[in-house]
Structures are given as C-alpha cells and as structure tokens.
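Working notes for the structure below.
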Amino acid sequence: MTNFADLGLSQKVLSAVADAGYATPTPIQAGAIPPALQRRDILGIAQTGTGKTASFVLPMLTLLEKGRARARMPRTLILEPTRELAAQVAENFDKYGKNHKLNIALLIGGVSFDEQDRKLERGADVLICTPGRLLDHCERGKLLMSGVEILVIDEADRMLDMGFIPDIERIAKLIPFTRQTLFFSATMPPEIQKLADRFLQNPERVEVARRSSTAITVTQRFVASHAKDYEKRAMLRDLIRSQDELKNAIIFCNRKKDVAELFRSLDRHGFSVGALHGDMDQRSRMTMLANFKDGNIKLLVASDVAARGLDIPDVSHVFNFDVPIHAEDYVHRIGRTGRAGRSGASFTIVTKRDVKFSDAIEKLIGQKVEWLSGDLSELPEPMESHENGRRGRDGRRDRKKDVERSGRDRAEHKADTAHSDSVAELESVVERVVAVKPERNAENKHSQAGRNNRPGRAQTPANDDNRDRRGRNRRDHDDGPTPLGFGDEIPAFMLIAGKA
DNA sequence: AAAAAAC
C-alpha cells in the first residue's frame, strides 16, 4: 500500500498531512498526485468524498514552494461551481498549507469586493473562485491572468449543468496555453469529454470507482404521505422524533421557498434547525453551514445547493421532504450520510404525485426502496380538520397521544396559517437562530432575551427588509415566549447542547 | 415541479 511519503510531496506538505491525521492516500490521491507533481495535465474522474480536493491541493502546495506571487498576477486558479465549495477548498489550503506562507484569495459572490481586491493587490498564489465573481474582477481590469501556471476545473459536469461552460471557456482563454490543467468531473458525458479534449494536453487519466448507486451503509426508506404541505410537515416531525440515533440531519426540499417555509415551521416547533439555500445572504449561508458542522444546529433544511460536494462528515440522517425531480440528485442527497463506511439513514416522503420520480429513483439505483409503514395504497384518509387529530397509521397511535396531538395540531395550524415565503423573513429568523446559538439551551430557547439579541446587520438597509412594516421583527408578535409548549416532548438530542 | 451563479 502506498504511503503519502512515496508520492513526491514536499516535507512541509507531508508534515501538515500527518498533523491532519492522514497516513494513507485515497486512490484518487495516489493516482493523481505523482503525475501532477511532474506537471502533467490530469483528467480526474471522481466524486466528492473520494479525497479529490486533496489530490490537487497537495501537489499545488508543493509546486508553489518555488517562486513568489506578484501583484495582480495570480499563480494558480481554481474554479468551483458554488460558493460553499470554493470556501471549502480554501479551508483545505489553510489546513495543508499551514507550513507555507502563501496568499490564498477566495473570490466568490455575495461578499465584499474590496477585501478580495486588496488580496489581489498583495499578490495571490492561489485564487479560488466561482466564475461570475472572477470575471467581474477581470472586467474591472484588476487581474492579470498571464502568470497563471496551474488551472483547476473542479466539478466540471456540475458546471455544465449550471450553464457555466461559456464562462469557463472565457476564463481559460485568458490563461497561457503553457499552463498545467487539472480537470475533475464526477461523470464523463460526451460534452464533458469534448471539453476535456479541448482543455487538456496528453492528460493522465485517473478514474476511481464511481459510486453508481447508493452506499450500502445507508438505510433507505420511502414514507407515504398526503400531498398537503402541513401533512408532510407533520409526517416529517413524527419521523424525526421517532429516530433513536439521530445525531444530525439534512432535510432537502426542491424549492427555495419551501426551504424557508419548512425551516420556519420546524423552528416554531422547537427544533434546533438551520436553513441553507442560494437566495440567503452569504453571511447567513456561511454561518449556517459552520454551525451545522460544529453541531450547534442539529437539523439543516437545504436546497440542492447542499446536495453535492459539501464535506460535512458524519451526518446521521437525510430526509427528503420532497422527492428530487432528477433521480441523480437523490444519490447525491443521500450520499451526505453513510460516508466513510459509517452507517446512515435516509427517509424520502413520497406523495401520489411523486410516484414517477420515486420510480425513476428505484430504476437508477437498481433496487426497490422499502416503505416505512405501508405504501401509498395503504395511506389512511387525509385528516379533515386539524381538530380531529390525525388518524394513526396502522393504529400506531393510542388515544392519549391523539388528545395530545389535537392541541399540537392547533398550534401547527397557527404556525402554518401565519405563512410567509419571504426570503427576507427567513433571513431574519436565521439571524435570531445564529445570534442566540451559543447560550441557547432548553431553558432560554424561547426567552425574549435571546430573541432580541441580534448582532451584526442591524444597521444595514438590507436588514430593514428583514423586519416587517411596523419596524419590528415579525417573530416577536406571533407567539409567546413558549410558543408551542411541547416541553418534555422534544427529545433531548434535538435541543441545542447547552450543557455539553 | 428546481437550483445554482455577478453587480
């Protein structure tokens, strides 16, 4: 078995890798690092979770030890499809480049331009970019691309999906033809192959076994539900509460507006929850992700921005609130759990109108997914009103529970009818969650003190949109300090760990 | 029936 020390990496890099606790390279690393160090072009076919990022970060660090950056002339350039992925690559440079004195510049949208410009002025060894912001800097004449020695195109197939290829071509034209190019893609459809042929010269092709279907360590279940959103939400809450070993979970919705809505609902029901989608401001996106990774937030409601590539180790559960329209996205979504051989669980809520999509999923993964407690044909009648309580499925619920539930349904009804899909409002709630996070525990969770403690954006005009027309935070008037009174019902693991 | 990305 190969060892990192056998790949030709520098001492500085090797010592940082050892400090990070890695001894053995993954197949993509073992295959790509030696030729990359010899300045060969690389065509890497690998999914995230295979150690792909380090397979270009480590050789780049070694190669960058020779030479120095000049003002406005970056030496290397990495293109990523989403801001979060770009930030994640930057973190890798910090981790493995801790023994180097390299200037790393992260050029992504949604954050201040000036700070990025100052970094470019100082001379960047590594630029990590989303295409739009990079082109923006180029068009302002702030960047000279003629000094770029290494170009990395990551997640090429996803760039294609997202319509970034014209931008990538424009950027590539600005970079000298003598450069070294490292090109990565999870799949190799004909368009991507054509692109690779144009961008790469005599590349070393490194392919690691594609995770064609879902990891066997992930338990997958379909859960039948009626299509009404409040019924799906009730179903989801029941599911979450019934999990014995839920450490943390990502809950996927198909639409941004549903992310916002579901987030609000779970928050009102007292869950430790965050949200992530592309219309949220960048600071909230970053904070949410960091808090979820750190375990400060147990549930993350997300759009497919979080489906691919994000390195969140050890997610115990994935819930699909909506069945993904494209079956491939299902594989990516549930791939967020059961990583590195760990076990994971995934639940997908399926309604009658989703059947063609759930069928497509089973076809793609080549297996039938078991139903949790009866398929759609066994689904009980929908509840007629909230006051009746939900009819138990297969008599699972006793009467006492139903009584308890009718009160809860009233609360749910209230929460749901006070409905709003405003992104600004979601962000307002995000602010609150983030603001109270460190001190938050079972006791102060709903306290006014925590609620009104909001640092940061209060002065900016944008934040005014986050308040309602009466100039106060919407949440402050719609329910009391203990809005839903679940008390002991919330499992301990769902609460923010104030005690730990 | 969607999401993502520049201002």
Side-chain angles (χ1 to χ4, degrees), chain A residues 48 78-89 105-117 120 127-143 153-171 186 225 227-229 232 250-263 275-282 284-286 289 300-310 320-333 336 348-361 421 423 426 461-462:
Chain A
T48 15
I78 299 169
L79 295 170
E80 294 288 336
T82 68
R83 298 170 183 174
E84 275 74 16
L85 280 174
Q88 196 169 284
V89 171
L106 180 62
L107 306 188
I108 60 175
V111 294
S112 150
F113 202 93
D114 292 344
E115 201 180 316
Q116 295 175 359
D117 195 48
L120 295 177
L127 286 190
I128 306 164
C129 319
T130 44
R133 182 53 74 94
L134 175 65
L135 285 169
D136 200 347
H137 278 282
C138 288
E139 279 158 15
R140 295 182 194 207
K142 300 287 191 179
L143 262 173
I153 298 165
D154 198 13
E155 303 262 333
D157 51 352
R158 195 163 174 211
M159 301 260 208
L160 178 78
D161 285 349
M162 291 167 64
F164 283 167
I165 298 304
D167 286 349
I168 303 296
E169 306 227 31
R170 276 176 66 200
I171 292 163
S225 168
K228 292 257 194 301
D229 278 354
K232 288 172 74 174
I250 304 181
I251 304 163
F252 285 103
C253 299
N254 287 354
R255 299 176 208 76
K256 288 178 283 201
K257 113 182 202 314
D258 294 330
V259 170
E261 236 173 74
L262 180 58
F263 166 78
L276 188 68
H277 68 66
D279 280 354
M280 286 164 54
D281 77 72
Q282 193 56 29
S284 302
R285 283 168 69 164
M286 298 285 199
L289 194 58
L300 184 68
V301 186
S303 69
D304 278 317
V305 68
R308 301 193 200 191
L310 289 191
N320 288 313
F321 186 74
D322 298 308
V323 182
I325 295 164
H326 295 299
E328 286 231 337
D329 288 334
Y330 176 84
V331 180
H332 289 293
R333 286 182 182 184
R336 299 299 93 207
T348 300
I349 297 177
V350 182
T351 72
K352 276 196 184 109
R353 48 176 101 150
D354 301 321
V355 168
K356 54 182 176 296
F357 301 123
S358 56
D359 286 350
I361 286 167
D421 51 25
V423 167
L426 164 65

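Note that the coordinates shown come from a computational prediction; the quantities given were computed from them, not determined experimentally. Each chain gets a letter, A, B and so on, in the order the sequences are listed, and its residues count up from 1.
The two residues A:Ala275 and A:Met280 make their nearest non-hydrogen contact at O-CE, 3.2 Å. Pairing each heavy atom of A:Asp154 with each of A:Pro81, the nearest pair is O-CD, 4.0 Å.
A donor-acceptor contact under 3.5 Å is not formed by the side chain of A:His277 with the base of B:dA4.
Going from atom CZ of A:Arg333 over to atom P of B:dA3 covers 10 Å, rounded to whole Å. Between the NZ atom of A:Lys257 and the P atom of B:dA2 there is a distance of 10 Å, rounded to whole Å. For the pair A:Leu143 CG and B:dA6 C1', the interatomic distance rounds to 14 Å; values are reported in whole Å. Regarding A:Asp167, its CG atom lies at a distance of 9 Å from the P atom of B:dA6, rounded to whole Å. Straight-line distance from the CG atom of A:Asp279 to the P atom of B:dA3: 8 Å, rounded to whole Å. Regarding A:Leu106, its CG atom lies at a distance of 11 Å from the P atom of B:dA6, rounded to whole Å. Here B:dA2 presents its P atom at 16 Å from CG of A:Asp161, a figure rounded to the nearest Å. For the pair A:Asp304 CG and B:dA1 P, the interatomic distance rounds to 17 Å; values are reported in whole Å.
The side chain of A:Thr130 contributes an N or O atom lying less than 4.0 Å from OP1 or OP2 of B:dA6. OP1 and OP2 of B:dA2 both lie 4.0 Å or more from every side-chain N or O belonging to A:Ser303. In terms of phosphate contacts, A:Lys256 brings a side-chain nitrogen or oxygen within less than 4.0 Å of OP1 or OP2 of B:dA4. Between B:dA5 and A:Arg285, a contact under 4.0 Å exists linking OP1 or OP2 to a side-chain N or O. Residue A:Arg83 places at least one side-chain N or O under 4.0 Å from the OP1 or OP2 atom of B:dA6.
Within the 3.5 Å criterion, the main-chain N or O of A:Ile108 finds a donor-acceptor partner in the side chain of A:Gln116.
By the neighbour-count criterion of 12 heavy atoms within 6.0 Å, atom CD of A:Glu139 is densely surrounded, having more than that number from other residues, nucleotides or ligands.
The residue A:Phe164 sits close to a base: some heavy atom pair falls under 4.0 Å. In this structure, A:Gly110 reaches the sugar-phosphate backbone alone: every heavy-atom distance under 4.0 Å involves primed, P, OP1 or OP2 atoms, never a base. Within the 4.0 angstrom heavy-atom criterion, base atoms lie near A:Arg353. In this structure, A:Asp322 reaches neither bases nor backbone, as no heavy-atom distance under 4.0 Å exists between it and the strands shown. Residue contacts shown for A:Arg140 are absent, as no nucleic acid heavy atom lies under 4.0 Å away.
Figure legend: A:Arg336 and A:Phe252 shown without cation-pi pairing, the cationic atom not lying both under 6.0 angstrom from the six-membered ring centre and within 45 degrees of its axis.
Comparing B:dA4, B:dA2, B:dA6 by their nearest atom to the side chain of A:His326 picks out B:dA2. Checked against B:dA5, B:dA6, B:dA2, the side chain of A:Asp329 finds its nearest nucleotide in B:dA2. Considering only side-chain atoms of A:Thr82, the nucleotide from B:dA6, B:dA4, B:dA3 that sits closest is B:dA4.
Between atom CD1 of residue A:Ile361 and atom CZ of residue A:Arg333 there is a gap of 8.0 Å, rounded to the nearest 0.5 Å.
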